[in-house]
Chemist: 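I'd like to ask you about the structure that follows.
Note: hydrogens, waters and symmetry copies are ignored here, and every other heavy atom, side chains too, is used. Numbers restart at 1 for each chain; the letters A, B, ... are given by sequence-line order, proteins then strands. Only a predicted model underlies this, so the values are computations on that prediction, with no experimental measurement involved.
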Amino acid sequence: MSFRVPAQFEIHPMRDEIVVLDTRRDLYFGLNGSAVVAWEILVAGGSVSVATLALVERFEVDEEIARMDVEALVGNLVARGLLETATT
Amino acid sequence: MSMPWTGDTPRATRRGSGGHVVARSAHGVGAATRYRLFGLTVSSAIELPLPMSTDAVDVTVELGPADPMGVPIVGAGGAARFICLRHGDDVILAWPGASFRVGAERVVVDARDQELASHLLLTVVWSVVMSARGTEALHGSVVEHGGRAVAFLGPSGAGKSTACGMLIELGCRMVTDDLVLLDGAGAVMPGPPFLRLRDDPWSLLPRPTDAGGKVRIALPVGSNPVPLTAIVVMSPKHRIPGMLSGLAALDAILVHSYNTAPTHPGQGHHRLEQALALVERLPIREEPPRSLTPGRAQRLMSEGW
């Protein structure tokens, strides 16, 4: 499964953090740390598994914990509308 | 120190038949005078403590009814004890004793008290005028030295104006107090020519206060925008001096937006883009409230903040 960012969001990288602006609702969201690593992979079309492996490599964490973190992040981003499932 | 266009003492007001403020003017009752305010020329039917302008009018301030009717704007006015409503393309702002119908090019003033009307017009009301014009104001005070401006942001009572007063004594010039407005190039637009403090540190005698309960200290301001080169955030959240970056810096700037009510479409977007540009471009320092001493201010200024 891959994901994409709906058109209403603008992405502003800030060094090692990312700001995502919801232009319809005038809200912004901040991502930092491992969330930035996972986000960059997910919005580039990478899967949860690829993002998990990136976290394992980058932060030297257990794969199971990394997967739980990525899945929790995806759930959070989807619930807030920042990510949606890509149909193609 | 006083400039000829400023008025530090309360002025008498007269009421028109409809209960509106009627300006006293050398040109006759109700005559409009052109003033300069944040780079704009304002034709105002109420007397304002601002420098005069002869340029083409950008915004007209008129007397008339501004009845508090319209659709309530969520999130506005709760703590400040005023009403904020949408009425067509305009925003209605209403306090006890003064109401305003606010658009991008026209403000209708409906007030019994000229001092109150003038105070509100130059602060909260003007922030909404600028939002209507696509520019978002920050809450702070700005001084400049050698063509480089530093902005102090923070909540009321954090010591922004006091810090500016201290720096003015050290040779800086005031740019604006309370409302901070930037032009498209990120330079600070000169505001009204006075600093508002709880007390006048330069006066041995008690001074009259304005409608906002502060003493106005008349000070010269330039007529051109001054490039902003640093921001100092003075907030109870920041107990240890240091530098802010990334999301922390972004949050620190956004929380000091002046007009936080959603009065105009795209306002949040403008506010965020402005804050992002500031975070990317400028050093942003955090200082505990009321913590600056003259010695520390001088050292930070010499180091470029």
Side-chain angles (χ1 to χ4, degrees), chain A residues 3-44 46 51 54-55 57-61 65-66 68-84, chain B residues 71-76 84 86 91 127-128 130-138 186 231 233 237-238 242-286:
Chain A
F3 302 93
R4 68 181 173 205
V5 182
Q8 76 199 63
F9 292 98
E10 284 182 9
I11 301 165
H12 298 269
M14 295 174 65
R15 294 182 188 169
D16 53 353
E17 298 171 317
I18 290 174
V19 173
V20 185
L21 170 65
D22 183 339
T23 59
R24 282 196 199 150
R25 293 183 292 169
D26 282 345
L27 295 174
Y28 74 99
F29 302 89
L31 301 175
N32 57 17
S34 60
V36 172
V37 175
W39 166 271
E40 286 176 341
I41 289 168
L42 294 168
V43 300
L55 260 58
E57 188 175 324
R58 176 81 176 268
F59 298 98
E60 296 180 355
V61 291
I65 292 172
M68 285 168 58
D69 283 351
V70 173
E71 286 176 347
L73 176 69
V74 168
N76 199 338
L77 294 171
V78 169
R80 291 170 185 271
L82 277 77
L83 279 186
E84 60 185 18
Chain B
V71 180
I73 293 174
V74 176
C84 183
R86 177 167 303 290
V91 171
S127 77
V128 176
M130 296 310 291
S131 285
R133 299 175 72 89
T135 300
E136 293 304 313
L138 294 167
I231 292 175
V233 179
K237 263 184 75 178
H238 305 299
M243 302 305 291
L244 290 170
S245 63
L247 289 168
L250 189 69
D251 283 341
I253 291 175
L254 287 168
V255 81
H256 295 114
S257 299
Y258 203 102
N259 175 19
T260 54
T263 52
H264 296 88
Q267 192 179 346
H269 194 179
H270 292 150
R271 194 180 297 153
L272 184 73
E273 296 223 312
Q274 175 174 270
L276 281 167
L278 293 173
V279 170
E280 286 170 2
R281 193 168 63 82
L282 301 179
I284 298 169
R285 169 171 287 281
E286 55 182 337

Chemist: Under a 4.5 Å heavy-atom cut-off, does chain B meet the side chain of A:Leu27, its backbone, both or neither?
Modeler: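 Neither the backbone nor the side chain of A:Leu27 comes within 4.5 Å of chain B.
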Chemist: As an exercise, state the distance from CG of B:Leu247 to CG of A:Leu31, rounded to the nearest 0.5 Å.
Modeler: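 It is 8.0 Å, given to the nearest 0.5 Å.
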Chemist: Are more than 12 heavy atoms from other residues, nucleotides or ligands located less than 6.0 Å from atom CE of A:Met68?
Modeler: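 Check fails, neighbour count at 12 or below.
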Chemist: Return all side-chain donor-acceptor pairs below 3.5 angstrom for residues 69-83 of chain A, not counting sequence neighbours, or 'none' if the list is empty.
Modeler:
from	atom 1	to	atom 2	distance (Å)
A:Asn76	OD1	A:Arg80	NE	2.7

Chemist: In chain order, what residues pass the salt bridge (Lys or Arg N to Asp or Glu O under 4.0 Å) check against A:Glu84, with sequence neighbours excluded?
Modeler: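 By the salt bridge (Lys or Arg N to Asp or Glu O under 4.0 Å) rule, A:Glu84 matches A:Arg4.
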Chemist: Could you work out, with side chain to side chain contact (heavy atoms under 4.5 Å, CB included) as the rule, every residue matching B:Pro72, not counting sequence neighbours?
Modeler: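 Here the qualifying residues are B:Leu85.
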Chemist: Find the N and O donor-acceptor pairs between chain A and chain B that sit under 3.5 Å apart.
Modeler:
from	atom 1	to	atom 2	distance (Å)
A:Glu10	OE1	B:His269	NE2	3.0
A:Glu10	OE2	B:His269	NE2	3.1
A:Glu17	OE1	B:Leu247	N	2.7
A:Asp26	OD1	B:His269	N	3.4
A:Asp26	OD2	B:Gly268	N	3.2
A:Tyr28	OH	B:Asp251	OD1	2.1

Chemist: Considering only heavy atoms, which portion of B:Leu272 lies under 4.5 Å from any heavy atom of chain A: side chain, backbone, both, or neither?
Modeler: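 Only the side chain of B:Leu272 comes within 4.5 Å of chain A.
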